[in-house]
Structures are given as C-alpha cells and as structure tokens.
Amino acid sequence: MSQTLAAACTAADPAAELVLTGDLDRPARLTVSDLLAWPQHRAEVAFECATSGVQHHTFTGPLLLDVLTDAAPVFDPARRKDRLRFLIVVHGTDGHHILLSWAEIDPDFGRAPVLLAVTLDDAPLDRAGAQLVLPQDRCGARHISGIDAIRVDGGYTVWT
C-alpha cells in the first residue's frame, strides 16, 4: 500500500491475473474484472502501521469465501468437519505471502470478512491486481497487494 496506484499500474500493462490452485474441483485464472461477478462488499479499514502511523482506506470486492467456494474445494463429506483441515496460501507479486485456515473464513467458525479487493479508495485495481484485505486486523501485515496466486491445501501430512 505504500506505492501509489499510478506507479503500480500504467495503461500499457495488461490486466493482472491470479491463479486459484490446489485441492479444488474448479481451479481458475481470474482477473479483477472476473472478480466483479461475485457480490461486492465494502470495507473501511484503519491499519496501524509501525512506520507510517494509521492509514485509512476503503476497499470493495468479493469475499474470499465466495470465490473459493465457487472453485469447489474437495472437502470429504464422509469426514466430519473436513473443511477445518484446509489451509489457504495467498501470494503477491512482490513475494509477500500469508497463510489462513479455512476456519477463519468459514461462517460456522471465524466468519472473517476477508476480501479480494477490486478497488482501493474507489480506484480500480485491474492492472495492479486484486488485494487481500482482512478488515478485522489492527495491523495491515496480512494485507497482500497484487495477488498472483491462491492455493487451497487439504492434503498436508498430519503430524503423529
């Protein structure tokens, strides 16, 4: 977020794309324009940054839950609460990445309103790429700009 939107995207740049992979029945490649197909949510956030103080921004976009649910994670209906073993890795073009659990975004558990933002302060993010926004976070450390990949993983080895 420290970089200006004008510097992040120019008219010559193609639309940014993110890839949904992992344990999904319908993996996908999505642009910001594609993300407009889901219901849009608005979040006004205030992130407390250690170096620059409080930053106020308004984001709009679909819920991460809606987009991932549409990609059909391969939850095993025979396993009780199988979705709770799934992890979500979000990666940005700058190398920044974070890990979420499915339980954080699931409405039966954490119900966090995590957004895949398509606008930042009413400016479209078509060329800069979608941004991961966790409005409930006090600090913006889990904010990811320019998302290029999201991986859903339920197949990691269980510790014994």
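The figures that follow rest on heavy atoms only: side chains count, while hydrogens, waters and symmetry mates do not.
- Judged by distance alone, the side chain of Asp153 and the main-chain N or O of Val89 form no donor-acceptor pair under 3.5 Å.
- Side chains of Asp34 and Thr31: a donor on one and an acceptor on the other come within 3.5 Å.
- There is a side-chain donor-acceptor pair under 3.5 Å between Gln131 and His143.
- For the pair Ala128 and Ala16, the tightest heavy-atom approach, listed with the atom from each and the gap, is C-CB, 4.0 Å.
- With contacts defined as side-chain heavy-atom distances shorter than 4.5 Å, the pair Val118/Thr60 qualifies.
- No donor-acceptor pair under 3.5 Å is formed between the side chain of His96 and the backbone N or O of Gly146.
- At a threshold of 4.5 Å between non-hydrogen side-chain atoms, the residues Leu24 and Val74 do not count as touching.
- Listed here is the closest heavy atom pair of Leu84 and Ala103: CD2-CB, 3.7 Å.
- By the neighbour-count criterion of 12 heavy atoms within 6.0 Å, atom CZ of Arg26 is densely surrounded, having more than that number from other residues, nucleotides or ligands.
- Formation of a donor-acceptor pair under 3.5 Å by the Asp148 side chain with backbone atoms of Leu18 is not found in this model.
- Using the six-membered ring where Trp is involved, Phe59 and Phe47 have ring planes that are tilted, between 30° and 60° apart.
- Under the side-chain contact (heavy atoms from CB on, under 4.5 Å) rule, Arg142 has a single partner from Leu100, Val90, Leu132, which is Leu100.
- You'll find the side chain of Gln40 reaches within 4.5 Å of the side chain of Pro62, heavy atoms only.
- Looking at residues two or more places apart in sequence or on another chain, you find a side-chain hydrogen bond (donor to acceptor under 3.5 Å, both in side chains) between Ser52 and Gln55.
- Residues Ser101 and Phe109 have side chains not in contact (no heavy-atom distance under 4.5 Å, counting atoms from C-beta outward).
- Between the side chain of Arg138 and the backbone N or O of Glu48, no donor-acceptor pair lies under 3.5 Å.
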